[in-house]
Protein chains: 2
Amino acid sequence: MARPARVSADRILTAAATEFAERGFDGARVDRIARRARVNKAMLYYHFGSKERLYRALLHGMFTNAAERLRTIAAEPIAAAEKIDRAIVGLAQVIREHPILPAIMMREVADGGRHLDAETLQALGGVPRAFGTIVEEGVARGEFRPIDPVFAYFSVLPPLLFFLAAAPIRRQVADLHVMDLKALGADAFIRELQQAVRRTLAPPSSARRRPTS
Amino acid sequence: MARPARVSADRILTAAATEFAERGFDGARVDRIARRARVNKAMLYYHFGSKERLYRALLHGMFTNAAERLRTIAAEPIAAAEKIDRAIVGLAQVIREHPILPAIMMREVADGGRHLDAETLQALGGVPRAFGTIVEEGVARGEFRPIDPVFAYFSVLPPLLFFLAAAPIRRQVADLHVMDLKALGADAFIRELQQAVRRTLAPPSSARRRPTS
DNA sequence: GTCTATACTTCGATAGAC
DNA sequence: GTCTATCGAAGTATAGAC
């Protein structure tokens, strides 16, 4: 009663993730995905129907995963600032599990969501939504200064995505001796980001209220 | 003694900017670029030789432009924090002049610089380099806390690029009523970013020294 | 410098046997 | 579910006349 079908489909998704991340939707080659998955190209169409539907299935999964993790963090009974710290780490973890997510998100943003359907866009929207919930809660409790949740989101996620996605091009630029770009590692970057965001969100008076009730 | 050649080449560059920004290198169609430029496709090859060389010429120009503007700001006799403010506005201006720059940079980062040659990478490196100069100066003068210039760069440029490039997809997500993403405009975003970066860079003691000498 | 016509290649997708 | 073979569309690039 083995189910080789699922195995194939999963291998295809994994291979597709790499290919789409490295090349983008238009640059990705169905043949390469099939070869990487050690699967016949016809199988790919048998399972997913088209290049575009494969792409959407992949992104929908990743977006849902990321949003779900943020919602879990948002629901924990801890201070809002602590939630933000964990949200940053959580997003970094999602990226570690899907190292191709930054490149894919950046491309999709640049594409204006051309290849996405309503369902996948909805899943994508869950990410800023969950993040915004945390920020709004912190503001309501007086733990954060009044700040636009959308701005907060766009001051956290882009640096994370950009820094992690830019590793290859950073290496290329660094090799030309234009600048020393190698020193800063991913973990150090995450810690710096947490610190910077805390400063950005901190209320005017440093008197931090404890969220007790 | 008119020089229609230059005119064609410029029109091609303008059209290419739009096409590459909207579709990426692989998604861009040489036919569409030619049509948008109201130029015969053969003319495009006459002037630029290939799709890739056209792409590089375009990016090299934009990167040089952005780096040059930052270097000018870095050389002004003003406080470092003021330079950062102006750098943010300056980058926003470059983007306003080349509205396609965010999408192109994000794609190129995701591509790992695959389509760039050494010369263009060098021009790209000038941007973080000039920005880093300002940060290092501020740190040396005690106007900023000790901070990694690379981190500072990656906490400023990505939000700017991302927010501006994400306008189309944000509209799509907003239309699904997932979240109210419409309220925050570009100008407000830039002001918030300036404020956030000031907080990130501010030295531990709020005693701000005036850079008089 | 400009245009038409087309060569050459690549790629997404499918037909049809097993 | 899996494979081979191939179709047809689309795309980059060029040849060659003007």
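Chain letters run A, B, ... following the sequence lines, proteins first and then strands; every chain starts at 1. Predicted model, so just to flag it, every value in this text is computed and none were measured. Only this structure's heavy atoms are used, side chains among them; waters, hydrogens and symmetry mates stay out.
An end-to-end axis angle of 10° holds for the helix from dG1(C)-dC18(D) to dC18(C)-dG1(D), taken from five base pairs per end and rounded to 10°.
If you take OH of Y46(B) and C1' of dA15(D), they are 16 Å apart, rounded to a whole angstrom. Atoms CZ (R53(B)) and C1' (dT12(D)) sit 13 Å apart, rounded to a whole Å. For the pair Y45(A) OH and dT4(D) P, the interatomic distance rounds to 17 Å; values are reported in whole Å. For R35(A) and dC3(D), the CZ to C1' distance is 17 Å, given to the nearest whole Å.
Checking dG1(C), dT2(D), dA13(D) against the side-chain heavy atoms of S8(A) singles out dT2(D) as nearest.
Partners of E19(B) according to the salt bridge (charged side-chain N to carboxylate O under 4.0 Å, His left out) rule, which considers only residues two or more places apart in sequence or in another chain, are R32(B), R36(B). The salt bridge (charged side-chain N to carboxylate O under 4.0 Å, His left out) search around R53(B) returns none, not counting sequence neighbours. Not a single side-chain hydrogen bond (donor to acceptor under 3.5 Å, both in side chains) links Y45(A) to another residue, sequence neighbours left out. The salt bridge (charged side-chain N to carboxylate O under 4.0 Å, His left out) search around E52(B) returns R56(B), not counting sequence neighbours. Under the salt bridge (charged side-chain N to carboxylate O under 4.0 Å, His left out) criterion, K51(B) pairs with no residue at all, not counting sequence neighbours.
Identified under the salt bridge (charged side-chain N to carboxylate O under 4.0 Å, His left out) test for residues 152-161 of chain B, with sequence neighbours left out: none. Sorted by first then second residue, the side-chain hydrogen bond (donor to acceptor under 3.5 Å, both in side chains) pairs that include residues 90-103 of chain A, not counting sequence neighbours, are N65(A)-H98(A), R69(A)-Q93(A), R69(A)-E97(A).
Heavy-atom distances under 4.0 Å link DNA chain C to A28(A), R29(A), V30(A), D31(A) of residues 15-31 of chain A, given in residue order.
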Between the protein and nucleotides 4-8 of chain C, which nitrogen or oxygen pairs come in under 3.5 angstrom?
{"unit_1": "dT4(C)", "atom_1": "OP2", "unit_2": "N40(B)", "atom_2": "ND2", "d": "3.4"}

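Scanning all heavy atoms of the two residues, the minimum distance from I84(A) to L201(A) falls at CG1-CD1, 4.0 Å.
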Do any side-chain atoms of residues 85-92 of chain A form donor-acceptor pairs under 3.5 angstrom with protein atoms, and if so which ones, sequence neighbours left out?
{"unit_1": "D85(A)", "atom_1": "OD2", "unit_2": "R198(A)", "atom_2": "NE", "d": "3.1"}
{"unit_1": "D85(A)", "atom_1": "OD2", "unit_2": "R198(A)", "atom_2": "NH2", "d": "2.6"}
{"unit_1": "R86(A)", "atom_1": "NE", "unit_2": "E82(A)", "atom_2": "OE2", "d": "3.4"}
{"unit_1": "R86(A)", "atom_1": "NH1", "unit_2": "E76(A)", "atom_2": "OE1", "d": "2.7"}

Enumerate, atom names and distances included, each donor-acceptor pair closer than 3.5 Å involving a side-chain atom of residues 118-133 of chain B, sequence neighbours excluded.
{"unit_1": "T120(B)", "atom_1": "OG1", "unit_2": "D117(B)", "atom_2": "OD1", "d": "2.5"}
{"unit_1": "R129(B)", "atom_1": "NE", "unit_2": "V178(A)", "atom_2": "O", "d": "3.0"}
{"unit_1": "T133(B)", "atom_1": "OG1", "unit_2": "R129(B)", "atom_2": "O", "d": "2.9"}

